[in-house]
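Working notes, structure below.
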Amino acid sequence: MIRMIQSSSAGHAKAYFNDALLKSDYYLDDQELAGRFLGRLATRIGIEGTVDKETFYSLCDNINPKTNEHLTPRTISQRTVGYDINFHCPKSVSIIHVLSKDNHILEAFKACVHDTMLDIEADSKTRIRKAGQYNDRETGELAWAEFIHQTARPVDDSMPDMHLHAHAYVFNATWDEKEKQIKAGQFRDIKRDMPYYQERFHKRLADHLVKLGYQIKRTDKAFEIEGVPQKVIDLFSKRTDEIGRVAKEKGITDAKELDGLGARTRSKKQKGHTMTELKEAWRKQIREAGGMGKEDGGKAIRYAKERQLDYIAPEHCVDHALSYCFERASVASGRRILAAAYRHAMGREVSLAGITEAFEKDARIFQVKEANNRFVCTTKEVLAEEKRMIALANAGKGKLKPLYLEVPFIDLKGEQHEAARHVLTTPDRVSIISGRAGAGKTTMMKELNFLISQTHKEALYVAPTSEASRGVLRYEGFKEAETVAKLLLDKKLQEKLRNNVLIVDEAGLLGTKDTTSLLDLVTKRNARIVFVGDTRQHTSVVRGDALRILNTVGGIRTAEVSRIFRQKNKDYREAVQDLSEGKIKDAFEKLDKLQAIKTIDKEKPNETLVNDYLATIQQGKSALIISPTHKQGDVVTQAIREKLREAKLIGKREINVTRFVNLNLTEAEKNDSRNYNEGHVLWFNQNAKGVKRGTAWAVNKVHGDLLEIKNDEGKTTNLPIEYNKKFEVYRKTEISLSKGDKIRITREGFDVKNRRLINGQTLEVLSVSKKGNIKVRNSVSKNTYTLSKDHGHLAHAHSITSHASQGKTVDEVFISQPAATFPATDMKQFYVSVSRGKDRVHLYTDSKDELMEHASEMGERKSAIELLNTRKTKADDVDRYIRADLQRQPSPSDKIKTIEESEPSRAHYHEPEI
């Protein structure tokens, strides 16, 4: 792992040097290595060699230690002095290092750190702000102080754990060759690309270890050495566990606060321990834990002097990366793709350079250089998919006889009336109604439903999610509403669509693939389709913001329903209106006027929120807590449940029941056997080899590309990994429940009496039994269900994410949005969260200004066509590829049937310009 921590003042940097970097503040004798000044800038100013305090302090004060002059032109008291880039070995590597009789692992680690720092140095830049320019220039020179440490800080009075890690403290300075001076660096891009550097570091270290005779196994974050038992790894994770425990107690999730917590929880240094004494103590702990092999010195897991790596072609690594990155996005940075390719190659015989070269030569990839010298990519396949979707929609223009030749009486007013009129009188196959949150889309859809029925046609209703379709739509009166997935699989349902109307609610959640399939379907069934959604709210998890692309790129006419009715308070309603129009500053001013934004106490971050929420529900009002991240939501949930128990709103009896957490693996990840661990649970969505749909099987072992799985009855079978599209992968854990808890169903299923449970629906726990059965009730429909203790597909719903809240309406909404959640904050997330309430909104944060800054970020995902709008030189190449692709797989839009025709006719296929 690599972490990058900023020093914002000279005093902070000096204190950090004394407290965390300097050898003398760690353990004595032979444990730590002397720090070294490295880097091309260090050579330029003549400070290469052993780090001394005087030189380090001078650089912190922006003084050149050789000339005593300013190092960079500007010196202010509050300036970024530098960055501590720290490299951490996997715990098993640290364990084997200290138990070895030589320094072969230490030398490999140092070499990998050095090579990765050279990568970072090569990417260094400085800002250009002269003569009206606003740009960055590559420099390729940095100076850093490197410290290698072999132990962690102790916990309480115990011996420290082994922990091989390095600190590379990079000073905020670089050489600008063009201006012939040392200037401050621009580290924004380096910090952004840290996952790329991290995967290069991991790949290098894994390769070194394999060549030294070790076998590695990949983990979620990095890798471990095969043969080191998990119990031994856990044994020497005391420091990590301590920080995690204190963070949980204090509700801390922000990375900066966690770093500060690490400093505050450091135990005092212990003097006088030699490495010999520490090794003896560590060996004793290992033996007491059951040992780990021959002589507990690592000999049993070092297989050979040099172990041969398994070969993988660099092109296969790029294939995996493209599949991984473009499953859920149409556009990805080049370095994100490379990071995924490097990670896939870990522990295999293929070089970093080979993977990079294969990526650069891959003819499927379009690379576009943006203003900040960042390469952003898409692929020909993604581009072709978007163009097919747009072409299908455009091919339906003017193809149908309007439902009404004259405007009928429409019992609606204003924008709702105009939107309904558009749908009823258009000759186009495809219509879009863009309705903002709380604008009364349901009322309009009911009127449309009635008027469509008067034409002797039927309107079929679908939505992307179970909750939106079988939950919300059915509750609103559309009794036969189904999911998009159900429609695309059910031939009988598809046939009902012939010559009728398909209305897709929450269409903003659709990706390009499903949207293209729907357009294909209505074309073949001579039906028309109405997309109803809001592109300002959350978009699909999978690739492509289809609704926005159809409108802005495809030119499909959109009827706007923008007047908001949900909020009763005028200022609240206007704040939501501002958010829907992207006027974030105006919205914040109105929310301030409402006293909706409350500054939290960092020592008791959730106290005010919990008290306010409790007061609201005690008044009998409906309420909802929203946070941008699951992690923050879990922290709030813990605080809420404690307060509810004090108020006797949840019961004293608490039971632990099974919970399955979806790992949300991409298809690329599921296709890699290294991502399956013993104990993972596979839930099958389709029948597979010897496995029935709807059943769960646990992973016993992994044999290459064969998964040995076992069900609850003890039956085992071997399943080829190629069946991975038929199941989802879960991690099994536990959840605590009491009477009065709110829970959310996390997977479509059935209760013990075979009554359907809808994914996403919220339920109240009515009772819990000693046997583990859970009686629950839907507070809206009042339907009750009984869940078994092993049902598993549930989570607490006291606090949910904005994604899960989309489509919900409550009296008062409470938003927990501290700085820790800002990376997940953007305009869409903020708009959805704030707009859920009817009466009031409450917003809790520790930095209002920073929150406004993050909430101003659009959060739009660029389409492939939009990315390539600036790449005119490649337009002919793109069109040639798509034409060839369409010849191999003819588009359904080649056969368009009008309402008057009995036989299909050839339609003109229009290719939108890039």
Side-chain angles (χ1 to χ4, degrees), residues 1-2 38-40 85 87 89-90 93 104-105 107-125 138-142 144 146 166 168 189-216 218 222-223 306-326 332-369 373-379 668 672 674:
M1 182 179 71
I2 305 179
L38 297 167
R40 293 178 64 194
I85 302 176
F87 297 76
C89 268
V93 178
H104 64 284
I105 287 181
E107 294 305 319
F109 172 69
K110 288 167 62 178
C112 296
V113 170
H114 184 69
D115 288 347
T116 307
M117 283 304 303
L118 293 182
D119 288 341
I120 292 172
E121 181 180 47
D123 291 335
S124 59
K125 300 175 184 176
E138 294 180 357
T139 58
E141 289 197 22
L142 294 173
W144 65 91
E146 179 189 88
D189 295 344
I190 288 174
K191 189 163 189 175
R192 179 200 65 210
D193 291 336
M194 199 50 63
Y196 162 82
Y197 302 119
Q198 176 172 281
E199 294 306 335
R200 288 178 68 87
F201 168 67
H202 287 161
K203 166 65 175 161
R204 285 174 171 135
L205 185 57
D207 286 355
H208 270 285
L209 291 170
V210 173
K211 289 180 180 179
L212 287 168
Y214 298 99
Q215 185 171 333
I216 69 162
R218 210 176 62 182
F223 66 89
E306 183 170 338
R307 183 176 177 82
Q308 188 69 34
L309 290 90
D310 296 328
Y311 175 75
I312 186 172
E315 292 78 12
H316 289 168
C317 298
V318 176
D319 285 345
H320 167 85
L322 294 180
S323 176
Y324 172 77
C325 292
F326 290 108
S333 74
R335 288 199 161 178
R336 181 172 183 263
I337 298 169
L338 283 170
Y342 298 152
R343 177 166 174 73
H344 189 63
M346 194 184 303
R348 292 166 165 173
E349 188 184 356
V350 59
S351 68
L352 292 171
I355 295 171
T356 305
E357 183 180 2
F359 168 76
E360 295 290 346
K361 290 181 176 180
D362 198 310
R364 297 168 296 177
I365 304 171
F366 293 111
Q367 294 193 54
V368 175
K369 191 174 184 180
N373 293 325
R374 180 180 184 226
F375 282 95
V376 184
C377 306
T378 190
T379 68
D672 186 345
R674 295 177 298 171

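For the side-chain contact (heavy atoms from CB on, under 4.5 Å) with Glu199, the qualifying choice from Met346, Met194, His344 is Met346, the only one to do so.
Thr139 places a side-chain N or O within donor-acceptor distance of the main-chain N or O of Ser124, the cut-off being under 3.5 Å.
Looking at every heavy atom in both residues, Asp672 comes nearest to Arg348 through OD1-NH2, 4.3 Å. The heavy-atom pair separating Ser351 from Gly354 by the smallest distance is OG-N, 2.8 Å. The minimum heavy-atom distance between Trp144 and Ala168, with the atom names listed, is CD1-CB, 3.9 Å. Ala332 approaches Phe326 most closely through the heavy-atom pair N-CE2, 3.8 Å.
Remark: Phe223 CZ to Arg218 CZ distance equals 12.0 Å, nearest 0.5 Å. Taking CD1 of Ile365 as the start and SG of Cys325 as the end, the distance is 9.5 Å to the nearest 0.5 Å. Annotation: the span from Tyr196 atom OH to Ile190 atom CD1 amounts to 11.5 Å, rounded to 0.5 Å. Interatomic distance, Ile120 CD1 to Lys191 NZ, rounded to the nearest 0.5 Å: 12.5 Å. For the atom pair CG of Leu352 and CG of Asp119, the computed distance is 8.0 Å after rounding to the nearest 0.5 Å. The CE atom of Met117 sits 14.0 Å away from the SG atom of Cys112 when rounded to the nearest 0.5 Å.
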Using atom types as modelled, flag every donor-acceptor pair under 3.5 Å from a side chain in residues 312-323 to any protein atom, sequence neighbours excluded.
{"from": "Asp319", "atom 1": "OD1", "to": "Arg364", "atom 2": "NH1", "distance (Å)": "3.1"}
{"from": "Asp319", "atom 1": "OD1", "to": "Arg364", "atom 2": "NH2", "distance (Å)": "2.6"}

Under 3.5 Å, sequence neighbours excluded: what are the donor-acceptor pairs made by side chains of residues 335-343?
{"from": "Arg335", "atom 1": "NH1", "to": "Asp123", "atom 2": "OD2", "distance (Å)": "2.8"}
{"from": "Arg335", "atom 1": "NH1", "to": "Asp193", "atom 2": "OD2", "distance (Å)": "3.3"}
{"from": "Arg335", "atom 1": "NH1", "to": "Tyr197", "atom 2": "OH", "distance (Å)": "3.1"}
{"from": "Arg335", "atom 1": "NH2", "to": "Asp123", "atom 2": "OD1", "distance (Å)": "3.3"}
{"from": "Arg335", "atom 1": "NH2", "to": "Asp123", "atom 2": "OD2", "distance (Å)": "2.9"}
{"from": "Tyr342", "atom 1": "OH", "to": "Arg200", "atom 2": "NH1", "distance (Å)": "3.0"}
{"from": "Tyr342", "atom 1": "OH", "to": "Thr356", "atom 2": "OG1", "distance (Å)": "2.7"}
{"from": "Arg343", "atom 1": "NH2", "to": "Thr219", "atom 2": "O", "distance (Å)": "2.6"}
{"from": "Arg343", "atom 1": "NH2", "to": "Asp220", "atom 2": "O", "distance (Å)": "3.0"}

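For the ring-ring contact (aromatic ring centres under 6.0 Å, His included) test, residues two or more places apart in sequence or in another chain that qualify with Phe87 are Phe201. For Arg40, the salt bridge (charged side-chain N to carboxylate O under 4.0 Å, His left out) partners are Glu141, not counting sequence neighbours. For the side chain to side chain donor-acceptor pair (under 3.5 Å) test, residues two or more places apart in sequence or in another chain that qualify with Thr116 are Arg204. Qualifying salt bridge (charged side-chain N to carboxylate O under 4.0 Å, His left out) partners for Glu146, counting only residues two or more places apart in sequence or in other chains: Arg36. With sequence neighbours left out, the side-chain contact (heavy atoms from CB on, under 4.5 Å) criterion links His104 to Ser100, Asp102, Leu212, Tyr214, Arg302. Looking at residues two or more places apart in sequence or on another chain, you find no ring-ring contact (aromatic ring centres under 6.0 Å, His included) involving Phe109. Remark: Glu360 engages Gln367 in a side chain to side chain donor-acceptor pair (under 3.5 Å) (not counting sequence neighbours). In this structure Glu357 satisfies the side chain to side chain donor-acceptor pair (under 3.5 Å) test together with Lys361, sequence neighbours excluded.
For the pair Asp207 and Lys203, the salt-bridge criterion is met [side-chain N within less than 4.0 Å of a carboxylate O].
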Before you tell me yes or no, could you show the steps for His202 and Gln198 under side chain to side chain contact (heavy atoms under 4.5 Å, CB included), namely the whole-Å CA-CA distance, both residues' side-chain angles and the distance that decides it to 0.1 Å?
CA-CA 6 Å; His202 287 161; Gln198 176 172 281; 3.4 Å; yes
